[in-house]
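Comments concern the structure below.
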Amino acid sequence: MTRRGAFDDVVLDPLPGRSGKPRVRGETMVIDKGLGLSEMGDLLAIASQYIDYIKLAFGTAGLYAPALLEAKLALIRSHGVSVYPGGTYLEAAYRQGRAKAFMERARALGFTHIEVSESIGPKWQ
């Protein structure tokens, strides 16, 4: 990986030999807890070469208007980063018999991956 940091000639790379994208080892996931479009653009401008996945966590994906969410996902993908919603929505959709509809909507919005989790447990039963 080529480094272009302000301290490259002073501080040695703590992960020498880390491969560039696409990586199969040493992948990095970042949790987005509700960044706006401008903030996400700033993050990606600075660090997209180090980020492999971004997770829109804690149900934040459901708070965006569809057009804004689509723009955010397109921005993320344009930087070569995969993006997925946290697993809570899939858990709720599954328990409501709407998992297929959830998957179809996630794809249509522009998510590249899906998280399968079991974090909300029996309280949804």
Side-chain angles (χ1 to χ4, degrees):
M1 176 175 294
T2 302
R3 297 184 65 211
R4 297 181 304 267
F7 288 93
D8 285 355
D9 60 337
V10 176
V11 178
L12 297 176
D13 187 343
L15 297 172
R18 182 173 188 208
S19 67
K21 290 182 179 184
R23 280 182 273 278
V24 293
R25 293 186 59 191
E27 295 175 311
T28 301
M29 183 271 289
V30 170
I31 295 177
D32 172 4
K33 296 180 180 179
L35 294 177
L37 197 55
S38 297
E39 293 170 308
M40 180 57 69
D42 290 343
L43 171 66
L44 292 166
I46 294 167
S48 65
Q49 66 180 341
Y50 306 107
I51 301 171
D52 299 293
Y53 301 94
I54 293 178
K55 171 182 170 178
L56 275 60
F58 308 117
T60 57
L63 301 176
Y64 292 92
L68 180 57
L69 180 59
E70 289 171 354
K72 183 173 181 173
L73 300 180
L75 174 64
I76 294 168
R77 290 190 324 267
S78 76
H79 284 269
V81 177
S82 298
V83 60
Y84 59 97
T88 305
Y89 270 129
L90 177 57
E91 290 181 52
Y94 175 79
R95 291 172 189 246
Q96 295 168 11
R98 311 240 342 119
K100 183 178 182 207
F102 171 83
M103 300 293 273
E104 290 169 352
R105 178 65 54 85
R107 175 176 282 194
L109 287 167
F111 285 102
T112 60
H113 291 73
I114 294 292
E115 178 180 74
V116 178
S117 63
E118 187 181 33
S119 60
I120 58 178
K123 62 185 171 189
W124 281 84
Q125 295 179 353

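All residue numbers in this chain count up from 1 along the given sequence. Only heavy atoms go into these numbers, but all of them, side chains included; no hydrogens, no water, no symmetry mates.
Glu91 contributes atom CD, which lies 7.0 Å from atom CD of Glu118 (distance to the nearest 0.5 angstrom). Separating the CD1 atom in Ile31 from the CD1 atom in Ile54 is a distance of 11.5 Å, to the nearest 0.5 Å. Separating the CZ atom in Arg98 from the OH atom in Tyr89 is a distance of 13.5 Å, to the nearest 0.5 Å.
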Can you give each donor-acceptor pair under 3.5 Å made by side-chain atoms of residues 100-109, sequence neighbours left out, with the distance rounded to 0.1 Å?
none

Would you be so kind as to tabulate the donor-acceptor pairs closer than 3.5 Å made by side chains of residues 37-46, with sequence neighbours excluded?
from, atom 1, to, atom 2, distance (Å)
Glu39, OE1, Gly36, N, 2.9

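At a threshold of 4.5 Å between side-chain heavy atoms, the hydrophobic network of Ile, Leu, Val, Met, Phe, Trp and Tyr places Val83 and Leu75 in one connected group. Under the 4.5 Å side-chain heavy-atom criterion for Ile, Leu, Val, Met, Phe, Trp and Tyr, Leu68 and Val81 are members of the same hydrophobic cluster. Cluster annotation: Ile76 and Tyr53 are assigned to distinct hydrophobic clusters (Ile/Leu/Val/Met/Phe/Trp/Tyr, side-chain heavy-atom contacts under 4.5 Å, transitive).
Summarising the local packing, OH of Tyr64 is surrounded by more than 12 heavy atoms from other residues, nucleotides or ligands at distances under 6.0 Å.
A donor-acceptor pair is defined here as one N or O able to donate and one able to accept, closer than 3.5 Å; no such pair exists between the side chain of Thr28 and the backbone of Ile51.
Here salt bridge (Lys or Arg N to Asp or Glu O under 4.0 Å) pairs that include residues 47-72, with residues two or more places apart or in two chains, are Arg18-Asp52, Arg23-Asp52, Asp32-Lys72, Lys55-Glu115.
Counting all heavy atoms, side chain and backbone alike, Leu73 lies closest to Gly110 at CD1-C, 3.8 Å. Among all heavy-atom pairs drawn from Ala99 and Tyr94, the shortest one is CB-CA, 4.0 Å.
Counting heavy atoms from C-beta outward, Leu69 and Phe111 have side chains that approach closer than 4.5 Å.
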